[in-house]
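Below is one structure, written out as structure tokens; the observations come after it.
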Protein chains: 2
Amino acid sequence: MNTTFRCDCPITSALDILGDKWMLVIVKQMLLEEAYTFKDFTESDEAIATNILSTKLKMLEEAGILTKSKLPTNRKTNLYLLTEMGLFLTPIIVELALWSDAHLRGMNPAIRRDEGLVHMKADKEGVVAGLQEQYRKMREQLLSGSG
Amino acid sequence: MNTTFRCDCPITSALDILGDKWMLVIVKQMLLEEAYTFKDFTESDEAIATNILSTKLKMLEEAGILTKSKLPTNRKTNLYLLTEMGLFLTPIIVELALWSDAHLRGMNPAIRRDEGLVHMKADKEGVVAGLQEQYRKMREQLLSGSG
DNA sequence: GTTTTTACTTGTAAATTGCAAGTAAAATTA
DNA sequence: TAATTTTACTTGCAATTTACAAGTAAAAAC
């Protein structure tokens with residue numbers, strides 16, 4: 001799967017990889033909703049189709065945004081974990097949350113409000129750093145088998 | 001055109017509007033590349049198809065992200081201008097640029113490097129505020145007919 | 001050894017994107 | 001004033017992406 005880039009613009013190039021219906025949703029699920037396995041993703045609120053999930057996980061792996069591995073003690077279940085490159089999408093995820101909170105409630109009154117959003121508004125750099133740190137710790141724990 | 005939202009997550013809701021191939025590219029063109037008219041968009045590097053552009057501009061207008069108007073002295077050319085809601089996408093655009101600059105050069109060596117990126121790295125909050133201010137001034141000028 | 005679970009694949013349909021040609025209104029030119 | 005050009009689309013059809021539903025195979029559980 002080879003990404004075709006539309007032009008030499010950095011922003012458009014980012015969107016050539018991320019600009020579709022599911023890529024950033026999957027990253028959000030990994031970062032914020034403890035999704036690590038194929039089943040975790042299929043059981044999320046968004047209910048992605050399994051053939052689409054399979055394809056998007058491959059693309060994310062090929063782009064270097066996540067890794068796919070297995071624990072030595074479990075040869076069946078695949079673990080999908082964000083790489084550093086993937087973790088650096090955190091500011092984008094946080095900005096999407098803030099924009100949505102500020103502007104989309106008119107269009108989608110059902111949007112939930114949680115205390116994460118309150119923290120993001122108060123100190124978004126801090127929240128970004130905190131999420132990244134927390135993910136690194138969790139990733140280390142999972143990989144060392146003491147999850 | 002009525003947006004269907006996948007669930008009550010603010011991030012997923014934002015992506016229900018923005019998560020496709022062209023929506024954020026068009027916003028970027030308006031914010032950074034002085035695209036105001038249908039022709040401006042069709043002549044950009046990305047070369048969007050006219051039927052897609054037409055559809056996406058309608059969707060952006062319906063979402064409240066841009067307005068469509070005409071000058072009294074020119075009843076032919078439509079002016080597309082970002083609203084405040086649209087301008088608040090600036091942080092997302094800037095974060096995409098930063099992520100791409102830091103992580104995508106391996107996949108797309110053609111990505112250009114300009115001094116805008118240098119400024120963004122140095123002071124992204126300042127760049128965001130500067131872009132928004134600059135756009136507001138330009139918008140005012142265009143609307144008062146002294147472009 | 002059998003059943004269940006997990007991670008997919010497959011065939012097909014619906015939705016989105018794109019190509020190329022065409023149309024109509026407004027502006028420009030002769 | 002008439003003819004030509006420009007601008008903003010629309011249309012018909014094709015290609016790609018997303019989605020549904022059923023099926024498959026390997027690994028784990030019973």
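So that the names make sense, note that chain A is the first sequence line, chain B the second, and so on, each numbered from 1. A quick note: this is a predicted structure, and the numbers were derived from the prediction, not measured.
A:Trp22 carries B:Arg6 over the face of its six-membered ring, with the cationic atom under 6.0 Å from the centre and within 45° of the normal.
Between B:Trp22 and C:dG18 there is a side-chain N or O to OP1 or OP2 distance below 4.0 Å. An OP1 or OP2 oxygen of C:dG18 is reached within less than 4.0 angstrom by a side-chain nitrogen or oxygen of B:Lys21. In terms of phosphate contacts, B:Lys68 brings a side-chain nitrogen or oxygen within less than 4.0 Å of OP1 or OP2 of D:dC9. For C:dC8, the OP1/OP2 oxygens have a side-chain nitrogen or oxygen of A:Tyr80 closer than 4.0 Å.
As rounded to whole Å, 14 Å separates atom C1' of C:dT5 from atom NZ of A:Lys70. Between B:Lys58 atom NZ and D:dA8 atom P there is a gap of 13 Å when expressed in whole angstrom units. Across the protein-nucleic acid pair, B:Ile52 atom CD1 and D:dA15 atom P stand 16 Å apart, rounded to whole Å. Atom CD of A:Glu46 and atom C1' of D:dA19 are 15 Å apart (whole Å). For the pair A:Glu61 CD and C:dA7 C1', the interatomic distance rounds to 14 Å; values are reported in whole Å. To the nearest angstrom, C1' of D:dA19 lies 17 Å from CG of B:Asp20. A straight line from CG of B:Asn78 to P of C:dA26 spans 11 Å, rounded to a whole angstrom. The distance between atom CG of B:Asp16 and atom C1' of C:dA15, rounded to the nearest whole Å, is 15 Å.
Looking at A:Arg139 and A:Leu87, their side chains come closer than 4.5 Å, going by heavy atoms from C-beta outward.
Closest contact between the side chain of A:Ala49 and the listed nucleotides D:dA19, D:dG12, C:dA27 involves D:dA19. Checked against D:dA8, C:dA7, C:dA20, the side chain of A:Thr77 finds its nearest nucleotide in C:dA7. Side-chain atoms of A:Arg75 lie closest to D:dA28 of the nucleotides D:dA8, C:dA20, D:dA28.
A:Gln132 and A:Glu84 share no donor-acceptor pair across their side chains, judged by distance under 3.5 Å alone. Between the side chains of B:Asn108 and A:Ser13, at least one donor-acceptor pair of N or O atoms lies under 3.5 Å.
Using a 4.0 Å heavy-atom distance criterion, A:Thr42 is classed as making no nucleic acid contact.
One donor-acceptor pair, N or O on each side, does fall under 3.5 Å between the base of C:dC19 and the side chain of B:Asn51.
By the 4.0 Å N-to-carboxylate-O rule, A:Arg136 lies too far from A:Glu140 to be salt-bridged with it.
Comparing A:Thr50 and A:Asn74, the nucleotide of DNA chain D nearest to each residue sits closer to the 5' end for A:Thr50. Along DNA chain D, the nucleotide closest to A:Lys76 and the one closest to A:Lys56 are compared, and the more 5′ of them pairs with A:Lys56. Each of A:Glu43 and A:Arg6 was assigned the nucleotide of DNA chain C with the nearest heavy atom; the assignment lying further toward the 5' end belongs to A:Glu43.
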